[in-house]
Amino acid sequence: MSRFITGPFRNALTLLVGLLVLWQALYWVVGDVALRSPLQTAAFMGRFMTSPQFLPHLAETGRAFGLALVLAVAIGLSIGFSLGLNRFMSDVFEPVLVAVYSIPKITLYPILLLAFGLGISAKVAFGAIHGIIPIALFTMAAVRSVRKVYLKTGRVLRLPPTEAILRIVLPAAMPEIFAGLRIGFSLTLIGTLLGEMFASQRGLGFLLMNAIGLHNVDLIMGLTVLLAGFAGVASAVLLSLNKRLQART
Amino acid sequence: MRDVPTPLVLLRGGEKVFPPPGPSGRPVHALGPLDLELRRGEFFAVVGPSGCGKSTLLELIAGLSTASRGEVAFEGRPIRGEIPDGVGVVFQEDASFPWLTVRDNIAFGLKRLPLPADEKTRRIERALAMMGLASFAASYPAQLSGGMRQRVCIARTLVTEPKLILLDEPFGALDQQTRLLMGDEVLNLWRKTGATVFLITHALDEAAMLADRIGVMSARPGRLIDVVETGWPRDRDSRIVEEEAFGAITARLWRSLRAESMKSLGHAGAAA
């Protein structure tokens with residue numbers, strides 16, 4: 001039996017148990033005012049996730065995050081490819097991207113709210129702007145570092161430019177692009193939730209903000225665990241895909 | 001009047017000048033003027049000191065870059081920056097695609113050719129067999145040695161059945177024994193395919209062993225300073241290194257090259 005519990009799976013299990021122990025210990029120290037124990041949280045989550053108010057909020061956040069991610073990936077990849085394939089353009093725009101990236105994006109939120117209103121579009125836009133730039137920067141670097149000999153091979157085999165991009169540049173740059181997508185994924189999630197927390201009437205971020213206002217420790221803990229779990233699992237899956245891509249090169 | 005066949009490749013006064021590397025730099029005269037004729041079916045090797053423009057010459061012939069002056073023609077038609085049909089190139093660097101299996105790498109060579117599927121399969125199987133890759137068809141390049149990966153690249157070129165195969169120091173990164181054996185394989189496929197082979201190498205013995213004719217290039221800007229006919233029979237292999245003539249050819253190549261190599265190393269005075 002024990003031989004099934006090997007390698008990465010065992011490591012993940014150890015980490016999980018360690019975190020639970022730490023959480024429980026912290027709860028004993030801090031007490032009921034600020035925390036709930038793992039068991040209490042699990043029991044609350046069981047009740048909360050089956051209540052009728054949970055699903056619509058989850059759906060709202062899911063929809064906003066999904067849309068933001070699609071936008072961030074599409075726009076980030078387009079910017080990354082157009083800059084990566086053109087030395088002059090990337091020399092001009094890379095410093096601009098880096099500068100924009102260093103702006104705390106929360107300061108742009110009031111402007112986004114004025115532009116998009118209080119609905120889902122502002123959240124989507126705010127999520128997307130978090131993801132676009134890292135995806136673009138990673139993609140640009142990945143495309144630029146594709147080995148010249150691959151491109152020459154494409155020319156010798158007389159591939160038209162679009163096909164050379166699809167069949168050579170894209171797969172050659174994929175491991176690095178994927179690393180960008182992984183980071184873009186988590187930043188887009190952060191952006192979407194921030195958007196929900198500060199100006200929204202639906203979604204998990206809104207619930208969390210509400211719970212803070214009402215000092216509903218159960219709900220704060222539950223939502224935090226839920227979001228952390230989702231982000232952790234997604235990140236682990238993406239990381240293992242990333243490693244598999246990299247193993248081939 | 002005797003009928004003179006058109007050469008496969010004809011280079012007349014070919015020159016390549018690269019633009020200055022920086023705002024304050026001067027243009028770099030990399031190659032020529034240079035005249036060269038490749039006969040159909042011959043094995044032509046080029047040797048020269050490092051940095052003399054050997055690879056630039058290959059890129060001009062391949063159509064990968066355009067001559068600054070002069071003219072390059074393939075089968076009588078001028079090449080101007082577009083790659084002519086029937087030319088295959090194997091580069092010095094490993095150009096096998098790490099995301100494809102050996103079989104898919106080789107099949108990649110046929111992407112643009114309008115051939116029936118069974119003809120494609122036939123060519124792929126033959127290239128796999130010819131390069132000794134049949135049992136590695138499902139492997140990825142990362143699982144293969146450097147020599148095997150270079151064979152994958154040669155096989156990818158072979159499936160297109162090129163009339164002219166350009167080899168840019170394809171064994172430069174391999175150890176001496178592997179290089180000798182790869183030399184045998186190149187000779188073998190040259191005989192079997194009937195293609196013209198143009199090989200760039202820095203190894204004088206490799207050139208002396210493989211080629212029908214050997215062009216010796218000067219230091220930059222590279223010009224042809226000698227063309228040596230080896231006179232080997234078509235049916236030959238690496239054992240000709242034992243022949244007396246092999247030593248004589250290598251010695252002649254070195255005589256022509258010694259001064260040029262010193263120039264390229266910066267020993268201007270020693271060249272005299």
Side-chain angles (χ1 to χ4, degrees), chain A residues 77 80-81 84-92 95 138-182 238-249, chain B residues 55 58-59 61-66 79 81-102 104-114 139-144 149-150 152-160 162 164-170 172-173:
Chain A
L77 286 181
F81 265 92
L85 292 168
N86 186 326
R87 187 87 225 181
F88 175 73
M89 293 278 278
S90 71
D91 282 348
V92 172
F138 267 84
T139 306
M140 184 184 72
V143 169
R144 237 174 19 191
S145 64
V146 169
R147 292 177 52 210
K148 295 285 168 285
V149 72
Y150 293 161
L151 301 176
K152 275 193 203 167
T153 302
R155 285 183 62 199
V156 171
L157 296 174
R158 314 202 316 160
L159 256 61
T162 42
E163 231 180 294
I165 291 175
L166 279 177
R167 292 187 190 278
I168 297 178
V169 177
L170 185 64
M174 205 53 208
E176 267 187 80
I177 291 178
F178 205 83
L181 291 180
R182 204 158 53 79
L238 290 175
L239 189 64
S240 82
L241 282 174
N242 204 169
K243 275 190 184 148
R244 241 203 273 171
L245 276 175
Q246 234 132 30
R248 281 210 220 126
T249 52
Chain B
S55 293
L58 180 134
E59 297 207 338
I61 296 175
L64 280 168
S65 99
T66 321
I79 304 171
E82 85 283 7
I83 289 96
D85 207 359
V87 175
V89 186
V90 179
F91 299 99
Q92 175 178 18
E93 296 163 82
D94 170 24
S96 61
F97 297 137
W99 60 91
L100 295 177
T101 62
V102 168
D104 291 341
N105 257 291
I106 297 172
F108 199 96
L110 294 172
K111 279 265 147 61
R112 296 293 299 163
L113 295 184
S139 308
Y140 283 93
Q143 297 165 292
L144 305 178
R149 274 183 251 171
Q150 206 53 292
V152 173
C153 298
I154 296 176
R156 185 171 61 198
T157 301
L158 280 185
V159 288
T160 64
L164 173 64
I165 303 175
L166 304 168
L167 304 169
D168 189 358
E169 298 198 28

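The sequence lines fix the lettering, A, B, ..., with proteins before strands; numbering per chain opens at 1.
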Identify which part of [X] has an atom lying under 4.5 Å from any heavy atom of chain A, answering side chain, backbone, both or neither.
X: B:Thr157; value: neither
X: B:Ala62; value: neither
X: B:Gln143; value: neither

Open item on the list: Between B:Lys111 and A:Glu163 (salt bridge meaning N to carboxylate O under 4.0 Å), is one present in this structure?
Closed with: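 Looking at B:Lys111 and A:Glu163, the cut-off is not met.
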Next on the checklist: Tell me whether A:Lys152 is salt-bridged to B:Glu59, with the criterion being a basic N under 4.0 Å from an acidic carboxylate O.
Outcome noted: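 Result for this pair is yes, salt bridge flagged.
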With a 4.5 Å limit on heavy-atom distance, are the side chains of [X] and [Y] in contact?
X: B:Phe97; Y: A:Thr153; answer: yes
X: B:Arg112; Y: A:Leu159; answer: yes
X: A:Val156; Y: B:Val87; answer: no

| query | Does A:Arg147 use its side chain to pair, donor to acceptor, with the backbone of B:Asp94 at less than 3.5 Å? | reply |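 Yes, the answer is positive, given that a donor and an acceptor are paired below the 3.5 Å cut-off.
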Query raised in the report: Hey, does the side chain of A:Arg155 reach the backbone of B:Ile83 with a donor-acceptor pair shorter than 3.5 angstrom?
Result: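 The answer is no, because no donor-acceptor pair under 3.5 Å joins these two groups.
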Which atom pair, heavy atoms only, marks the closest approach of [X] to [Y]?
X: B:Trp99; Y: A:Arg167; answer: CZ2-O, 3.6 Å
X: A:Tyr150; Y: B:Pro98; answer: OH-CD, 3.1 Å
X: A:Val149; Y: B:Ala95; answer: CG2-CB, 3.8 Å

Notebook entry, point to check: In terms of heavy-atom proximity below 4.5 Å to chain B, should A:Arg158 be classed as side chain, backbone, both, or neither?
Noted result: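 For A:Arg158, heavy atoms of backbone and side chain both lie under 4.5 Å from chain B.
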